[in-house]
Structure formats: structure tokens, C-alpha cells
Amino acid sequence: MKLVTAFIQPERLNAVKQKLFEKEVFKMSVTNALGCGQQKGYTETYRGVQTEVNLLKKVRLDIAVNDEFVEPTIDAIVDGARTGKVGDGKIFVQELAECIRISSGDRGTDAI
Amino acid sequence: MKLVTAFIQPERLNAVKQKLFEKEVFKMSVTNALGCGQQKGYTETYRGVQTEVNLLKKVRLDIAVNDEFVEPTIDAIVDGARTGKVGDGKIFVQELAECIRISSGDRGTDAI
Amino acid sequence: MKLVTAFIQPERLNAVKQKLFEKEVFKMSVTNALGCGQQKGYTETYRGVQTEVNLLKKVRLDIAVNDEFVEPTIDAIVDGARTGKVGDGKIFVQELAECIRISSGDRGTDAI
Amino acid sequence: MRPIHIALLCLMSILAVAPLSTAAAQEAAAEPAEEAPAPPADDTAEVIAALEAKVTELEGSLQNNINIVWTGIAAFLVLFMQPGFAMLEAGFTQAKNAVNIMMKNFMDLAIGTLAFFVLGFALMFGETSNGWFGSSLFALSGITGSDWTFTFWIFQVVFAATAATIVSGAVAGRFKFTAYLVATAAIAGVIYPIFGKWAWGSLLLDEGAGWLEGRGFIDFAGSTVVHSMGGWLALAAVLVRGPRLGKFSTDGNPQAMPGHSNPLAALGVFILFFGWFGFNAGSTTTGDGELGRVAVTTMLAAAGGALAAMITAWAMFGKPDASMTANGVIGGLVSITAPCYTVTPWGAVITGVIGGVLVVFSILFLERVLKVDDPVGAISAHGTCGAWGTLACGLFGAEAIVGAGDANTGLFYGGGAGQVGIQLIGIGAAFVWAFATGLILFFALKSTIGVRVSETEELEGLDIGEHGMEAYSGFQIFTTQ
Amino acid sequence: MRPIHIALLCLMSILAVAPLSTAAAQEAAAEPAEEAPAPPADDTAEVIAALEAKVTELEGSLQNNINIVWTGIAAFLVLFMQPGFAMLEAGFTQAKNAVNIMMKNFMDLAIGTLAFFVLGFALMFGETSNGWFGSSLFALSGITGSDWTFTFWIFQVVFAATAATIVSGAVAGRFKFTAYLVATAAIAGVIYPIFGKWAWGSLLLDEGAGWLEGRGFIDFAGSTVVHSMGGWLALAAVLVRGPRLGKFSTDGNPQAMPGHSNPLAALGVFILFFGWFGFNAGSTTTGDGELGRVAVTTMLAAAGGALAAMITAWAMFGKPDASMTANGVIGGLVSITAPCYTVTPWGAVITGVIGGVLVVFSILFLERVLKVDDPVGAISAHGTCGAWGTLACGLFGAEAIVGAGDANTGLFYGGGAGQVGIQLIGIGAAFVWAFATGLILFFALKSTIGVRVSETEELEGLDIGEHGMEAYSGFQIFTTQ
Amino acid sequence: MRPIHIALLCLMSILAVAPLSTAAAQEAAAEPAEEAPAPPADDTAEVIAALEAKVTELEGSLQNNINIVWTGIAAFLVLFMQPGFAMLEAGFTQAKNAVNIMMKNFMDLAIGTLAFFVLGFALMFGETSNGWFGSSLFALSGITGSDWTFTFWIFQVVFAATAATIVSGAVAGRFKFTAYLVATAAIAGVIYPIFGKWAWGSLLLDEGAGWLEGRGFIDFAGSTVVHSMGGWLALAAVLVRGPRLGKFSTDGNPQAMPGHSNPLAALGVFILFFGWFGFNAGSTTTGDGELGRVAVTTMLAAAGGALAAMITAWAMFGKPDASMTANGVIGGLVSITAPCYTVTPWGAVITGVIGGVLVVFSILFLERVLKVDDPVGAISAHGTCGAWGTLACGLFGAEAIVGAGDANTGLFYGGGAGQVGIQLIGIGAAFVWAFATGLILFFALKSTIGVRVSETEELEGLDIGEHGMEAYSGFQIFTTQ
Ligand SMILES: Nc1ncnc2c1ncn2[C@@H]1O[C@H](COP(=O)(O)OP(=O)(O)O)[C@@H](O)[C@H]1O
Ligand SMILES: Nc1ncnc2c1ncn2[C@@H]1O[C@H](COP(=O)(O)OP(=O)(O)O)[C@@H](O)[C@H]1O
Ligand SMILES: Nc1ncnc2c1ncn2[C@@H]1O[C@H](COP(=O)(O)OP(=O)(O)O)[C@@H](O)[C@H]1O
């Protein structure tokens, strides 16, 4: 089992969700986040004081999948989120040691 | 060391916290999140347009524990969060390579 | 590749960012979180009812780095966040199996 | 949803049919031509007499116009109290119920207005032979032109809406929307106006006098008639419905359920404060210097209430609690509502200070002893302080001193205990009427369309369950609250 | 930014030059000395005549003062509608555009005021020989002392600002700020006042009468003159600009884009409700009992509109939608704006109820059929309901019954179809004028400084793009919205 | 907390003791019987004379009633400025201090009211032989019935509260709550009224005239008396307290600390705008056509200020900054407050435009040069623009032209430099008095109960530290802010 974590542009969330559904990845958790990558930020002025805003709004996706689903999941996210510009986002994959469904107590690959 | 991450129903947070305290797990981090699992969402209507809301509000718990505490922690979460219905949530366990307490610089299992 | 996750005091974020920049760690994701550690909370009174608030506001940093950057990153965070008091925060390090840059499709250590 | 639909349709159909019946009546009542001007007088004496008459008439008509402008504007200020209540209630409760609170406040105004128009105004101010309820002026029939009754009606309808809306805050976060709609129609259409008749029936027509005012009961602007009425109805509603999930722990200890926006609540209080000048000073319905005196007492009591509540909370809990202070402002204002016309400035300060202390203790008593869940403190601020203010008339009434009457009625100003007795009768009558009809109303609702939302809906918030939408779309809200 | 700078500088330079030209004029017009008091009369008859004259003059001057107090306060209430619009619009749209909405509302008030001062008031109320536009009273030249014109101007300027601000909501979230500023100047300075002349030109000077009022067109407080005007201008703006990204899916289905704060929107509606009494009742510009009658019809129509819209939405979508109910309140109020002076209370209820139903259907029609994106429902609430209210004058006008005239003009009250015809002419004229000039204006802007912000800016929010700041600093906002 | 408790108890005990001392006085002053009606005259001449007298008396009493209605309502509008300030301040600062700001605004109103009642009003409007402070009318003693003094008091007390509340915004986010309470009592009870006596002492009683007005100082509605007073007191407070942590980087550069809610701030500004008509037009305290003229100048200056501030910020920073525009509205309004009665409409536009430009530069100057941290721009908007507006009287005063006097006093209207000199004396006197007493007051507080909260408390937010609660429970707030 793997945990796929992606940071994407907020406005791509719906597209990514759709692509994931097409690959039959239905479960996920979403959080908002601020991110700092290659993408440079923008300048705000508040009452005459300039501020460089380099923490940009992103959406974080956490998707736990069985190993055979890792590549389809990655493909779906890239598919939905890619515009080819910096700031499109980043995907991280981690090992998942265990997974438990609280309602049933199921464990492991069945519980994903 | 392991990192236990759980997504639970928001209203179960207090119960889970209590169960964790009983098992002497006192440290944790909490974030809010939106989640999509087996649980179906609900329909909102805004000005005559229907929307299927399938990202439901969840609470995310991150708890770093030493290996012997993994099972008690999982049990406590299940105990506190379980109602037997879909949507109760999910627990993920990951390997933790290192842990550092910032205030003292302690590392490893002592620092958890 | 490793994923360094840190929970720090909110007001230390800018200092930590600066220290990270000095160590040439430019990329990161930031979320807010509530945390419960050694640090005790405080008491709120709302309309005569006392409540113990023990989930305190924290900022969560997620930073994916190549292995040789792990120690500099940890040092930078400790440097920026440490005041020597409980509540300064905690750093967790996890293995990162894969990393993909969405815009280019790059993978692995280049994509970090 | 179905039974509710029926209820709503009934209301609508009354509205639809009624015009037919009254159109004829109104046609008949078309404004008579202005009385012809006096014929030219040959004789100087006659000329002078005519001029004298003209001057007297002029005095009357101009003063009448001044009164209309004053009362009209005062009515608008009272109307503006509606968002004050809405913001206060929303700010003091959780974000997940904010849409529901807005809808309740829109609807108690809308339905309250229609119910008071069709029925309530007639019950309250129509002619009566018994002093218990009136029976003319249904739907303002027969009133035309620039009749004072129009201005008077607009002033009174917003009072009725105020009485109805007080319930909204107390039952926030758990009450079925449809049941609330029906309750509001009943309150503004029947329950409030009938008590109103007893105390204020003669304000429009001499033939409208009620039994309570006949005994000398004083409630200048409605501490009892409006506020206690609303407060005791709220108490009945809350008792029938029960507390919110999680308000009391299993061992009965009250839990904090902090409101989601203190600035919104504070804005609401300030709006209420502003509108209250329409409520109290406007109740003179006369544009002359006495409105200034009433405004002064109102201001001083509000200040006293705010300060006293803050100090009380500070002394008791160790910090100056902002939500208690907010209730203190309201408590001071409700307290001065009855005696605002008859007490001295110092009397007003004291009335307000006591109201501010009382509201804090009343909130704690209801919550800790009676285990009643009133998220916004409506029962205490309106019910308890309303009763106190009404009593204060009997204690501090200083009519002779302030120049509002011949003799002081207040116990502390040499007026004897008589007025206190009468005030107590009024306070008691209000409690019995409001609480009893309230219990009947809410039990009836409970056993028909129901007053509870489901537990899931309550946890998820009434906004999604009752209205299918969220108040703050796009904001992340930490949702264990 | 450059073309805009030029536009703004033009405006500023007009302001800078104008004083020079009018200073002289004003100097010349310095208040004449008060007419000398009548000389002492030897003869009794003369004394009496003098006294009689004094009484008559007194009547006039005191009533004039009452009118001034009334109209002045009513003007302030209408001014207060500005934050009502601002909060409603902000609440109904996304957090990322809230700063932009606030700025638009500040600026349509500021620029609208200056444009109406320099130009609009003269076009609307100045002397005219043709009935199409006026040509005196530019920049209030020649008005001094305690002239009624000042009070009248302050009342009228806030009406002009209202017409301008209606566009703001409809184009929320995608319209270039600079283009909006220019549009606002054009609307308050030219487009609105010219139509205003046609229908209301004689309100200040007899020599100012417009062609439409000459035919008997009735629009007491501005359903057409203000609201439809704003609504049809908004329609033109929205058609030229197009919908927000994501409002319609690729197959043309409307998508929900929920507003970010229901309480803010509800507060806005309540503020508008409050201010509307200045709008309608204030339009009597006379402090007498008729303002009470107008307030009553206004209140009843608002109640009817709110209730009807809620029930309509409930029946159609299964839940009582709070945003439709909010539009229902506005719809009811806009509907009664024209007929508020001439209909019976029941007529007002019916007018409001129909307005409340209509606003829901109009919103759905615009969105589903015409594929027009109007985030706040401004076109429906102001344009459609404004037209309905104007027509309602011809249907329910009951002047004789309510005592406002000699004969009923309403079709349903035996007035025949004549008034309906005239009302339709007015409605049509308003649509043609507003929509045509609106298209010209917005196309002209589109092909010069542009009306669109970039796609990136729209997605990121206009607050960052246009103003370099965010509305809610420190709050986590879930930003796919 | 202990020293504060003492301070509060002192205040309360004054309140508690005072009634005893004044009850007797009030008893004595009970309303004299109305003067007997004139006896019937045998002779025609006498009849006529009696009638003439009646007419004259009627004129006086009716106009008095009109004035009372007008002034009363104006007072309520000014009271409503209080939430305007509260929302503006809260919106411009961080969420973690919002509860504290609400509490400060409640308390400066409550404590300010009581302090002005007991002490301030007497100092400001009581009889004086020296022109420096008054010494009658403590606690309104001797005032009864429908005396104009009540209405006048309610109008004046809200002015005092305004002066006090200006400080609140400038010290937001770092000032000890208890110290603020004491400061507010001192400002509303002593510092403000004493300066007020100098400039406005004769408004109520001829024997109350102050030295400054005696020299011909003009400040119609309080640019100096209220706004500069508040602004310079705020400057003293800010200098004694120092900036917020993080406002200036270690090398002294100002940092942006964005406010947490632009819509709330904008709402505050709109509310202030609305209330300002009570402030300026209400200062006529007479219900006649001049209030219309004052309303016109007020409106035009606000529009000019808003537009000018936006353009200034746009030119300087590249974007139309919403927070500077908001300050521009206030700056324009403060600027016109003194000259609103005496300048032409064009004079008002220019006064407002200059005020709008000035407020931006003043903010930048204070922040960049003086390193003063004023989160809401209170010192600039009220202090600087107040001084400018007062000076503008001497420059643009066009009494003869606008019909408000016999000769123009303005330098640019041929009035010579005399008035400018007098105005400068007044501006200087206000600065010296306010700044000096402010420094004394805040240093005294600093060295007794202290004016700083701890660093931890400041970082965590004053809401938790001072009030033990949070403003937005349930919302996730990104807390590095
Ligand atoms: N090394 C990293 N560690 C943590 N988060 C990252 C990292 N790289 C990118 N992110 C997240 O992904 C978002 C998008 O990054 P992007 O600019 O597209 O990546 P890159 O800079 O690699 O091209 C960032 O805003 C940040 O939230
Ligand atoms: N595979 C997964 N990846 C990420 N998050 C998940 C996954 N499965 C469940 N979750 C999270 O857990 C929450 C509760 O899921 P639930 O419906 O109880 O699980 P299941 O669908 O497995 O029964 C979801 O809303 C989501 O936030
Ligand atoms: N074992 C843990 N699991 C998850 N989060 C933790 C853990 N320990 C600490 N944290 C996070 O770090 C924050 C700071 O903790 P701190 O009080 O400095 O740590 P400690 O208690 O180890 O001294 C906590 O508020 C919490 O968010």
C-alpha cells in the first residue's frame, strides 16, 4: 500500500477528481495548504507597504492506494492538474505500513 | 517509530481524544480536512442549481508514537470514533524515520 | 528522498523560512494545525463556563528533500523555531518513495 | 415537509381571499372631502374667531405632522432592530446554523407582519367592550388617506415582530424551521396582541382600553408587553424542545459552545442599541421635548447595564467576558424600556446597573440550576430584565420630579406600595399568559409537525438540513464545533 | 492602467475647473435680504390681514421645515442602502472578490455623487423646453441659504447612486475596475438623469416637466426610474462582459457558485429593507400622514415578497433557499416602489407576492434559458420586478379609495385600461433607453480600455489582481471556490 | 487586575453616591406650572394682541419641536457611528484582537456616557465665568420635563463618545484593557469637555461661552473639537505605548500587517458615512433648510475624499488600495466637519479632495518617518484632517455667498487672513491641550497599572489574554498573523 500526496493548483481540483474517478480511485482526503515552489509569488501592497507573497494557495490531496493503483493514480493527477507551467504542483509517494477502516475494523489492502 | 494518521468524523474528536488519554497518548496534531470515502454526500441547492457535495468535513489526526504504542493508539481511535456506519473514518500507519524535539534537540524514540 | 514534517509555533514561521532559504531549501508546503504536546494549554471562559483549551495553534511544514539535505533542513528548522521552551515544536522525518513534478513529469531526486 | 406546506398554504390562502372581502369596505370608506373653509366674515369678531380657529387647527395639524415624522422614523429604527437580533443570534451560535438564523429572522418579520396585519392589530388596538381583545380594524379596513393609524400601525407592527423574534435566538440550532414559522404566526397574530390589548389597548382608540391599563399598570415602551412576552415564550419553547446536543455533559454540567463570530454579535448589539431609541423615545409618538428625556434615560441605562454586566462577569470569572457584556447592554435597555418616561436620569442609571447584574445571574441560574439551554441569553435579557424593568417603574417612578405627571408613583419617591402591586400584577399576568400559551403552542407543534430536527441534522448543522446550503462557503471551518 | 488614468484625470480636471466658472455666478446669487416685516397697521382690518398673512406664511414655513427634516432623514436612509448593496453583493459572491466589491461600492457612490452634482442633477431637474433633458442648475449654481433645493438634491443624489450601484452586483467577479469607474460616471451623470427627466422632471421646477410624466405615467418612488434603469443597464453589462469562468459547464448547464457569507448577505438585505422606507416613504418629500400609508404598503409588499419567494423556491427545489428568499425581499420592495402611494394595503400584499414569485422565475429564466450570469440576481430583482411594479400601478391603482386622488386609475379598480397603456409605454421607454445606452456604453468600454480581467486574475480573484490585497487576511479559505 | 478593580470601583461608587446629592435638587426643580392662558380681552385690540402672541408662541414651540425631532434623530445617527468605528477598527486589524476591539468600543461608549453625564457635560456646557470650564449642570441636575437640554445632551454625549473611541483604533492590538478603561473615563469626562468649553461653551447657555469662540474660532461640527482632539490623544497614546511587535523590522522598515476583514472595515466606513450626516447636518440643531445645505457639502466632501485618496494611492503604489480609500472617505468627512456650514458646494469638494490626499501622505509620514504604528490610520484621518478642515474654514469660508452670514471670512473669498489666524490658534490650542494632557494621562497609566500587555499575550492575541475567548470560534485562522 502506498500513500500518494499531491499539492495542486486549487482550480484544478475538480478536473483531478474527475480523472481519478475515471481510474476508479474514489477515496481521498483534501486539505488546503500554502506552498512555495519554483513558482514565484506576487506582490501585495497594504497601506503603502509592499509585501512579497510567496506562499501561494494550493490544495493538498492524500490518497491511500494499493500498490497496483499507484501509477494510475499518479497518471490521473498529472492528467487533471497539468498545464505545463511551473506551479502545477508536485506528487509525493510514501510507503504505507497499515490501513484500518474504523467502521468495520478491516485492515490492510481490503481496507483501503 | 510510527506515524498514525486518522481521518475521523468531526464530532467524534472529543471522544477519540479521551480514549487516547486513557491509553496515555497525549500528543497529537489535528487538522481539518475534506474527505471522500464510501460515505455518499448530500445535495445542496444554491439558487436553484443542485450540487452534489461529496467532499465531507473530516478531522485529520497525526500521532507519532513509538512502536509499542501503535496498537493501543489504533485501538483508542477505533474505540472513540466507531459508530459502525460508513463514514466513521480510516487510519493509516507509516514508518517514521526520525523524530526531533525542537526545544531540546532530543532525537529518536525519546523525542516522541 | 525524505519528507520532513515539522510542527512549529505560528509566530516562528518567518524565521524558519529565512533559515531554510539560507540553507537553500526553497520549496515547502505550509498548513495550519492544532497541536497538543507537553505544552499545557490555557483556560477560556465563555459565558461563565470554563473550558480547557489544549489544542493550540501550530503551523505544519512539509518539506521534501534529497537525502543530503535532510540534516541541513532539520538544522534550519531548529535554528529558526527554537526558543528553548516547551511548545517549540517537533520534527518528523519519513522515507519518500517517489516524487513527481506535475508540470514536467520529472521524477525522483530531480523533481524535488 | 408536507404538513408544513399545508400550513403555509393556509396562510397564503387567507391572504388571497381576504382582499375580496375588504375591497368593498374600503371603497365605501373613501376619504370624505376636506371640510369647506369658513365663509368670509363681515364682522371683525367673526374674522378674529375664524382666525383663532385656524390657528388652533394649524397647531394641531402641524404638531400632528411632526408626530408622524417622528413616529415614522422611530418605527424604521425599530424595524432595523431585526438585523440586530439576527446578527446577535448568529454571532452567538455556531457557523453551521447561521443560514437558519437568517431565514428565521426574515420569516418572523414577513409572517409576523402579515399575521399582525390580518389579525393582530385588530386584536390589540381594535374596539373592545371587554378589555381582553379588540375586534375592529382587521387588515386596516376603513383606514385611508393620511390617517394617523397608518403611522401608528407601522410603529406597532415592528414591535410585534420584535416580540416574535426573541424566541428565535433561544431555540437556535435545534428547532424545526416549519414549526418555527407556525409559531411566529401565532405569536405575532394572537399571543402578543392579546396581552398587548390588556396593557396598551387604548393607545389608538379610547374604546380600545384593556383591563390592565385600567388598573394603572405602567409599561411605557414594552418591558413587559414586548420583551417579557418574548422571553417567557422563549422559555416555553426551550423547555419543550430541550437543549442542544452536547450543551450539557452526561452529568449535567453546562459546556461552552462558543459563538462563531464575536464581531457579528457585537454589531448586532450596537444595531439594537441604535434601534432602541426608536423603541423607547419613539413610544412617545409625539415629537416634543420629552423624547429627549426618554433618550437620556435609555442611554444611561444601557451604559449602566453594560458596565455592570462586565464588572459582574469580571468579578465572577476573572475576565471581562465579551458575550456577557453584550447581554448587559441588552439587559440595561430592556430594563429601562418600561420606566424610561417616568424615572430620573439617576433612576435610569440604577435601573440599568441592576439590569446588567441581573442578566448575568439569570443566565447562570437558567443554565446551571434549571439546565435550560439558551444560547444567546434571550430569556434572561428579555424575560428577566423585562420583569425587572416593569417593577422598577413602581420603585423609581418620579413623575412629579421629571415633570411627567402630578405625583410620584415610585415607592422610593414617596409613591407608596400601590404602584408596585399593580406592576406585579402585570408582570404576573404576562408570565402566566405567555408561558401558558407558549407551552400549549409548542406542545401542539411538537405533537403535530414536530419541533426537533434529527440528531444528524443537528450535528451537521441546520443550514444543510433545513436549507440545503452553507453559510460560509469557501471558508474552512473547524467542524467539531 | 494608463487609459484609465487619463479617464480619471479628465474627471478630476472637470472638477478642478468648474468652480472658477461658477464662483462668480454664486457670488451674484447671494441670498437677498429677508423681505421687510409688514409696517404697523393703523387700522384693525389691516392688523388682522397682516396677522392672517403671518399665519399663512407660518403654516408654509413650518410645514416646509417639517418636510425638510423628513426628506433629509429619508435621504440618509437611502444613502445607507449603499452598504446594503455592498454587503448583499459581497455575501452572494466569492471571498476572493470581496475587496473589489467594496471598492466598486465606494466608488459608484463617490463618482456618482460628483457626476450627478456636475451634470446629472441639471439634466434631470433643470429647466427644459423639450421635456427630454434639463439645462440649468449645473453644480447647484445659484442655490444658497436654506433653499429646499439642497435637501431635494441630497435626496436625489442617493437615488442616482442606487441606480449606478445595481450594475455592480451583476458584473461581480469579472469586470475590469477602471471600466466600472467610467461606466458609473456615465450612468449617474447622463443615462439615469435623462430618463429621470422624462418621468420626474417636474418634481423640483414646473418648467422641468418631462414628456413621459406629461402623459400621466406613474412611478411614485422609482420602480422604473431607478430600479429597472439599473437592472437593464446591468443586463447590458453582463451580456457584453459574459459569464464568470465556470458558471456554465461546457454543455451550458449553470453551476452553483455559492456566495461566501450568508450572514453578510442577509445583513445587506436587512439594511436595504430599512433604507427602503427612506426610498418610498421619503418620496412623499412631505412630512404628513401619507408617509405612514406609504410605509405600510412598503412593509406589506416586502413581507409578501419574502414569503412568496421562499414558498416558490421551497416548492421548486425542495428546500427554503435563503438566497432566493433574500431576493424575494428585494423583489417585493422593488415591486411596491412605483405603486406604494396609490394602492391599498391588500393591493400592496398582492403586488409584493407577485414580485416575490416573479423574481425566482426571472432568475431561473435568465440563468437557464438566456445563459446570463447574474451572481446576485440584480437584473431580476431590479429590472423584472421594477417593470412589474410599474405595471402594478396600472392594475391596482386605487387613488380614490386610499384617498390619494379623485379617481382610481387601476384596471382592477374600475380605472380602465388607459393607465396600463401609459405604464407600458414607460416600461418600454425605460428598457429601450437603458438597454440601448448600456450596450453602447459597455461596447465602447470593451473596445477601448476593455471590460475583462485576465483569466488568471479572475481565477485568483479580483482582489489580488485589481487591488493587490485580500479581503480576509489570516483566514484559511478553501480556494477551489 | 487588582489596581483596575479599584479604578472601576471608584467609578461605580461615584455613580452610587451622586444620586443622593442630586435628588433634592431635582425635587426642588420640579416643572413649574404652565403659564396661565391670557385672560379674555374685552377689547378687540387686546384680542388681536393675544392672538398675535399666541401665533408667535406657536411658531416658537412648533419650531422647537421640529428642532427636537431633528436633533434627537441626528444624535441617534451619531450614536450609530460607534459600531462604524468598531467594525472599521476590527476589520483593519487582526482576528486575534477583534473581541478586545469590540469590548473597547462598548466600554468607551458606556464609561464615556457615564463620565460625561456626571462630569463632562457640566465642564463643557455649564455656566462659566472664566471661559475655561463650566461648573453647573452636573448630572443634568435641575433639568426636567421636555426641556431642550435633554435633547441637547443626548446629541453631545455621542460626540464625547466619538472623541474617546478614536483612540481605540490607534492603540489596537497591544494596549492593556484596564488602562484603556481609565483613559476613556478621563477623555470623555475631562479632557474632551474642557477643550469643548473653549470652542463651543455657549451652545447651550449664553453664560457658558468659552475663550476660543469668543475670538471668532469657527468649528461648526467638530473637526477640531472632536476629531483632532481624538487624533492627538491617539498620537500620545501610541507614542507612550509603542508599536505592535513586528510592525517595524529590526532596521525600522514598516511591515504590512493586513486587517482580517475588508468587508467588515468597509461596512464600518459606510456606517460612519451614514452617521456623519447626524454629526454635521445635525449640528445645526435646527430643523430648517440649512441642514440640507450642510448635508450637501458633507456628501460632496466625502465623495471628493474617497476619490482623491484612491487616486493618490493608485499613483503611488500602482493599485487602488481599498484601505487607503476607506481612510479617504473618513478624511474627507473629517475635513468638512468644521466648514460644512460655511463653504460652497465647490468649496466642499475641494476641502474633501485635499483631505483625501492628505490622509494618505499623513499615514505614510507617520509610519515611514515618525515610525508610529497606527493600524487604522486614526491619527491621520482624525488628527491631521481635523486640523486641515479647521483651517479650511479660514480659507474657503463663504458665508455671504452661501447665505449663512453677512461677510465671507475665507481668505480665498476676500475675507482676509484674520480668520486663518484665529483658526490656527484654535488648531494649535487643540494640539497642545490634547497632546499634553494625553502624554500626562498615558504616562501616568504606564507608571501605575501599565499600558502594555505581555509579549506572549500580544502574539497570542488580546482576545485570549484579556478576555479569555476568541472572536471566531470554529474558523481556522492562519495564525502567523
Ligand atoms: N520539495 C517540496 N516539499 C514540499 N512541498 C513542495 C515541494 N515542492 C513543491 N511543493 C509543493 O508543490 C507546490 C507546487 O510546486 P511547483 O512550483 O509546481 O513545483 P516545482 O517548484 O517543483 O516546479 C508548491 O506550492 C508546494 O506546495
Ligand atoms: N483511500 C483513502 N485515501 C485517503 N483518504 C481516505 C481513504 N479512504 C478513506 N479516507 C478518508 O477517510 C474518511 C472516511 O472514510 P470512510 O467513508 O469511513 O471510509 P470507507 O470508504 O473506507 O468506509 C474519508 O472521508 C476520507 O477523508
Ligand atoms: N507525538 C506527536 N505526534 C503528533 N504531533 C506531535 C507529537 N508531539 C508533538 N507534536 C506536535 O508538535 C507540537 C509542539 O509540541 P511540543 O509541545 O513542542 O512537543 P513536546 O511535547 O514533545 O515538547 C504539538 O502541539 C503537536 O502539534
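Chain naming here is simple, since letters A, B, ... match the order of the sequence lines and numbering starts at 1 in each.
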Notebook entry, point to check: In terms of heavy-atom pairs under 4.5 Å with chain E, which of D:F152, D:W153, D:W148 leads?
Noted result: D:W153
Next item on the list: Give the member of E:M299, E:E59, E:R293 that has the highest number of heavy-atom pairs under 4.5 Å with chain D.
Entry: E:R293
Check: For E:A404, is it the side chain, the backbone, both, or neither that has a heavy atom closer than 4.5 Å to a heavy atom of chain D?
Finding: neither
Check: Under 3.5 Å, is there a donor-acceptor pair linking the side chains of D:D108 and D:Q82?
Finding: yes
Notebook entry, point to check: Does the side chain of D:L79 come within less than 4.5 Å of D:F155's, by heavy atoms?
Noted result: no
Next item on the list: Tell me, for D:N105 versus chain E, whether the close heavy atoms (under 4.5 Å) come from the side chain, the backbone, both or neither.
Entry: both
Next item on the list: Under the side chain to side chain contact (heavy atoms under 4.5 Å, CB included) rule, what do D:I464 and D:E470 come out as? Steps first, then yes or no, please.
Entry: CA-CA 6 Å; D:I464 291 172; D:E470 284 167 276; 3.8 Å; yes
Note to self: Would E:T284 and E:W70 count as a side chain to side chain donor-acceptor pair (under 3.5 Å) here? Give the steps.
What the structure shows: CA-CA 9 Å; E:T284 61; E:W70 167 243; 3.1 Å; yes
Margin query: Could you check whether E:F92 and E:H260 have their ring centres less than 6.0 Å apart?
Written below: no
Item checked: Contacting region of E:T325 [heavy-atom separation from chain D under 4.5 Å] -> side chain
Check: Hey, which of E:G305, E:A306, E:A322 has the most heavy atom pairs under 4.5 Å with chain D?
Finding: E:A322
Note to self: So which residue, D:L264, D:V69, D:N64, ends up with the most heavy-atom pairs under 4.5 Å with chain E?
What the structure shows: D:V69
Check: Who among E:L291, E:L58, E:D321, E:L300 has the most heavy-atom pairs with chain D under 4.5 Å?
Finding: E:L300
Margin query: Counting only non-hydrogen atoms closer than 4.5 Å, does E:I73 touch chain D with its backbone (N, CA, C, O), its side chain (CB onward), both, or neither?
Written below: side chain
Notebook entry, point to check: Where on E:T93 is there a heavy atom nearer than 4.5 Å to chain D: the side chain, the backbone, both, or neither?
Noted result: neither
Check: Using the benzene-type ring in the case of Trp, are the ring centres of E:F80 and E:W276 under 6.0 Å apart?
Finding: no
Next item on the list: Show your reasoning for whether side chain to side chain contact (heavy atoms under 4.5 Å, CB included) applies to D:I271 and D:M81.
Entry: CA-CA 6 Å; D:I271 290 176; D:M81 290 171 68; 5.7 Å; no
Check: Between atom CG of D:N65 and atom CG of E:L62, what is the distance when rounded to the nearest 0.5 Å?
Finding: 10.5 Å
Margin query: Just checking D:F475 against E:Y472, ring centres under 6.0 Å apart?
Written below: yes
Note to self: What part of D:A86 gets within 4.5 angstrom of chain E, counting heavy atoms only: side chain, backbone, both, or neither?
What the structure shows: side chain
Notebook entry, point to check: What option among E:V294, E:V55, E:L51 has the most heavy-atom pairs under 4.5 Å with chain D?
Noted result: E:V55
Check: Does any heavy atom of chain E fall under 4.5 Å from the side chain of D:I48, the backbone, both, or neither of them?
Finding: side chain
